[in-house]
Amino acid sequence: MPELPEVETVRRGLQPALEGGRIVSVETRRPDLRFPFPEGFAETLTDRRVTALGRRAKYLTVHVEGGVVLICHLGMSGSFRIEAAETSTTPGIFHHERSKLTAHDHVVFTVKSRAGEATRIIFNDPRRFGFMLLSQEAVLDQHPLLAGLGIEPTGNALSGELISGLFRDRMTPLKSALLDQRLIAGIGNIYACEAMWWSKLSPRRTAGSIASGPGKPSRRADRLAEALRSVIAEAIEAGGSSLRDHIQTDGSLGYFQHRFKVYDREGEHCLRRECSGAIARIVQAGRSTFYCPVCQR
DNA sequence: ACTACTCCCTGCCAGC
DNA sequence: TGCTGGCAGGGAGTAG
């Protein structure tokens, strides 16, 4: 469940249990996810207070005492759930009572919250494309996985002019450029498709073709910037998108999937007023792209 | 510096 | 019923 809006939703969902709390124990139930857990992973985090929860693109950052930062990525199928650490003596406090761990529950954090409640925060990831690494606060931006990331699509800084500069002369398809985390960071397959629909741009045109010429602003880049910002903002507002089996996770209470204009709508009619098109599915860079060939040009 | 492609892993589902 | 191929919200690594 991992594009920017879903990760942001996870961050907000974890905040009450985690921020200001103390990590009492960390249990890794296998030696690796996508990458091996770093040396001393559990020891480094144990008995430290969590000072803040952050996010950069699709990365979640857990900042703890002593300048240590836990970098988490959910991959394709990663999720967190929050449970009571013990059978609750005051019923009704926790949404989830303590459950049996399953095969894909890979990491269990026990946290004593600021309010004194003990919770278990469990990371589950069937496909294990997710990972957890450690870094230091002072050099977080220089971490190899974060250093090359592009601009966040969440603020006014993402302008048409900026996109123009980023995309100029690129021969890769627009869709591929949107998925390139070094240019704009946090966009994934769903929101790339959705933003291109909103801005009426074909995923097949080259990225460079929406850039401005010398001295001229680009209407297309302006439209794309506006679409990206609004679709991301609205998805965050909606708590992200919940797909397939990711319903019961705390980060997937979202309902933005009901507002998809093109994603997973192959063969259905285009939802733009007065457009007679049907949504097509093509494969670009090994992933599905959904778009309307009639109104997206 | 770009661009394109393979691979990592498990689960689910449509189609035979 | 049971198998098979295709597909899934990502991105690191490699080779041109």
Side-chain angles (χ1 to χ4, degrees), chain A residues 1-10 29-36 55-60 71-80 102-106 123-133 143-150 153 165-196 204-209 211 231-232 235-236 238-249 251-260 262-267 281-290:
Chain A
M1 15 165 313
E3 297 185 42
L4 188 158
E6 290 73 37
V7 178
E8 177 61 23
T9 300
V10 169
R29 305 182 69 235
R30 53 173 297 128
D32 57 3
L33 296 171
R34 174 167 187 173
F35 306 123
R55 179 193 58 74
R56 174 75 170 101
K58 303 173 193 174
Y59 295 87
L60 189 67
I71 302 174
C72 300
H73 197 290
L74 303 177
M76 291 279 264
S77 58
S79 64
F80 285 98
T102 66
H104 300 310
D105 291 333
H106 303 308
F123 181 70
N124 180 284
D125 185 7
R127 292 178 73 178
R128 302 203 304 278
F129 287 172
F131 51 83
M132 294 191 186
L133 299 171
H143 188 280
L145 294 178
L146 304 185
L149 290 173
L166 290 172
F167 286 11
R168 182 166 297 127
D169 296 334
R170 291 190 187 265
M171 296 306 290
T172 199
L174 176 59
K175 165 73 177 317
S176 303
L178 287 174
L179 293 182
D180 188 338
Q181 303 298 301
R182 298 167 301 181
L183 304 175
I184 303 169
I187 306 296
N189 210 30
I190 291 177
Y191 299 107
C193 292
E194 295 297 307
M196 287 185 292
R204 316 174 69 135
R205 60 161 63 239
T206 64
S209 73
V231 80
I232 292 294
I236 291 173
S241 304
S242 309
L243 266 49
R244 307 184 181 83
D245 52 337
H246 283 275
I247 298 303
Q248 80 280 54
T249 320
S252 54
L253 305 167
Y255 51 89
F256 193 78
Q257 67 277 11
H258 301 303
R259 293 205 242 158
F260 288 169
V262 287
Y263 187 80
D264 210 17
R265 294 192 63 242
E266 181 181 15
R281 175 184 167 274
I282 59 174
V283 175
Q284 294 180 296
R287 319 193 111 87
S288 289
T289 299
F290 299 90

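Sequence lines set the chain letters: A, B, ... in the order given, protein chains first and strands last, and positions in each chain run from 1. As the structure is a computational prediction, the values presented were derived from the model and not from experiment. FYI, side chains are in, hydrogens and waters are out, and symmetry mates aren't considered; it's all heavy atoms of this structure.
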Visitor: Looking at A:R205 and A:A207, would you say the former's side chain and the latter's main chain have a donor-acceptor pair under 3.5 Å?
Guide: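 Checking the backbone N and O of A:A207 against the side chain of A:R205, no donor-acceptor pair under 3.5 Å is found.
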Visitor: Applying ring-ring contact (aromatic ring centres under 6.0 Å, His included) to A:F256 and A:Y191, what does each step give before you reach the verdict?
Guide: CA-CA 11 Å; A:F256 193 78; A:Y191 299 107; 5.8 Å; yes
Visitor: If you go through the side-chain atoms of A:R128, does one of them form a donor-acceptor pair with the base of B:dC9 closer than 3.5 Å?
Guide: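 Absent.
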Visitor: Measuring only the P atom in each nucleotide, how far is C:dC3 from B:dC9? A whole number of Å is fine.
Guide: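 It works out to 23 Å between them.
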Visitor: Could you label the plane-to-plane angle of the A:F131 and A:F35 rings as parallel, tilted or perpendicular, counting under 30° as parallel and over 60° as perpendicular?
Guide: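 A:F131 and A:F35: tilted rings.
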Visitor: Nearest whole Å is fine: how far is C:dG9 P from A:I190 CD1?
Guide: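 That distance rounds to 7 Å.
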Visitor: I'd like to check A:I190 versus A:L243 (side-chain heavy atoms, cut-off strictly below 4.5 Å). Are they in contact?
Guide: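 SC-SC contact between A:I190 and A:L243 confirmed.
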Visitor: Indicate yes or no: at least one non-hydrogen side-chain atom of A:L179 is less than 4.5 angstrom from one of A:N189.
Guide: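 With C-beta onward as the side chain, the pair touches.
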Visitor: Starting from the 5' end of DNA chain B, give me the residue, A:G286 or A:D169, whose nearest nucleotide shows up first.
Guide: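 This one resolves to A:D169.
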Visitor: Please determine if a side-chain N or O atom of A:H104 lies less than 4.0 Å away from the OP1 or OP2 oxygen of B:dT10.
Guide: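 Answer no for this pair, as no side-chain N or O of A:H104 is under 4.0 Å from OP1 or OP2.
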Visitor: Please report, rounded to the nearest Å, how far the P atom of B:dG11 is from the CG atom of A:D105.
Guide: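 Nearest whole value for this atom pair: 12 Å.
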Visitor: Of the nucleotides B:dT3, C:dG9, B:dA4, which one has an atom closest to the side chain of A:R170?
Guide: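 Of the candidates, B:dT3 comes closest.
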Visitor: If you restrict it to nitrogen or oxygen atoms, what contacts under 3.5 Å exist between nucleotides 12-16 of chain C and the protein, and what is each distance?
Guide:
unit_1 : atom_1 : unit_2 : atom_2 : d
C:dA12 : OP1    : A:Y59  : OH     : 3.1
C:dA12 : O4'    : A:R34  : NH2    : 2.7

Visitor: Please determine if a side-chain N or O atom of A:K58 lies less than 4.0 Å away from the OP1 or OP2 oxygen of C:dG9.
Guide: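 Indeed not, no polar side-chain atom of A:K58 lies that close.
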Visitor: What's the closest nucleotide to the side chain of A:T172 if the choices are B:dT3, C:dG9, B:dC8?
Guide: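 Output: B:dT3.
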Visitor: CZ of A:F260 versus P of C:dA8: gap in Å, rounded?
Guide: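 Value for this atom pair: 13 Å.
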Visitor: Ignoring the backbone of A:N189, work out which of B:dC2, C:dG11, C:dG9 is nearest its side chain.
Guide: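 Nearest listed nucleotide: C:dG9.
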Visitor: Examine distances only and state if a side-chain atom of A:Q181 and a backbone atom of A:G186 form a donor-acceptor pair shorter than 3.5 Å.
Guide: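 Flag set: sc A:Q181 to bb A:G186 pair under 3.5 Å.
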Visitor: Report the distance from atom CG of A:L33 to atom C1' of C:dG11, rounded to the nearest whole Å.
Guide: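 In whole Å, C:dG11 C1' lies 15 Å from A:L33 CG.
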Visitor: Hey, are the side chains of A:L4 and A:I236 touching, using non-hydrogen atoms and a 4.5 Å cut-off?
Guide: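 Of all side-chain heavy-atom pairs linking A:I236 with A:L4, at least one is under 4.5 Å.
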Visitor: Is the shortest heavy-atom distance from the side chain of A:S241 to the side chain of A:Y263 under 4.5 Å?
Guide: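 No - every pair of side-chain heavy atoms lies 4.5 Å or more apart.
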Visitor: Which listed nucleotide (C:dA8, B:dT3, C:dG9) is nearest to the side chain of A:L243?
Guide: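 Nucleotide nearest to A:L243's side chain: C:dG9.
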Visitor: For the residue pair A:F123 and A:F80, does the interplanar ring angle fall in the parallel (under 30°), tilted (30 to 60°) or perpendicular (over 60°) class?
Guide: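 The rings of A:F123 and A:F80 sit tilted, inter-plane angle from 30° to 60°.
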Visitor: Rounded to the nearest 0.5 Å, how far does NE2 of A:H143 lie from OH of A:Y59?
Guide: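 The NE2 atom of A:H143 is 8.5 Å from OH of A:Y59, to the nearest 0.5 Å.
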Visitor: OP1 or OP2 of C:dA8 versus the side-chain N and O atoms of A:S288: is any pair under 4.0 Å?
Guide: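 Affirmative; the distance criterion is met.
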Visitor: To the nearest Å, how far apart are A:D264 CG and C:dA8 P?
Guide: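 In whole Å, C:dA8 P and A:D264 CG are 8 Å from each other.
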Visitor: Please work out the stems of DNA chain B from pairs that are Watson-Crick or G-U wobble with both distances under 3.5 Å, keeping only runs of three or more consecutive pairs.
Guide: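 The stems that DNA chain B takes part in, listed by first number, are B:2-8 with C:10-16, B:10-16 with C:2-8.
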Visitor: How many Å lie between CZ on A:F256 and P on C:dG9, as a whole number?
Guide: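 For the pair A:F256 CZ and C:dG9 P, the rounded distance is 15 Å.
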Visitor: Starting at OH of A:Y263 and ending at P of C:dA8, how long is that distance when rounded to a whole Å?
Guide: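 The distance from OH of A:Y263 to P of C:dA8 comes to 6 Å, rounded to the nearest Å.
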Visitor: If we take the C1' atom in both C:dG9 and B:dT3, what is their distance in whole Å?
Guide: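 About 24 Å, rounded to a whole number of Å.
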Visitor: For A:L179 and for A:R127, find the nucleotide of DNA chain C with the closest heavy atom, then tell me which residue's nucleotide is more 5'.
Guide: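 Mapping each residue to its closest nucleotide by heavy atoms, the 5'-most match is A:R127.
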Visitor: Can you tell me the distance, in whole Å, between the CZ atom of A:R182 and the C1' atom of B:dA4?
Guide: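 Rounded to whole Å, this separation is 12 Å.
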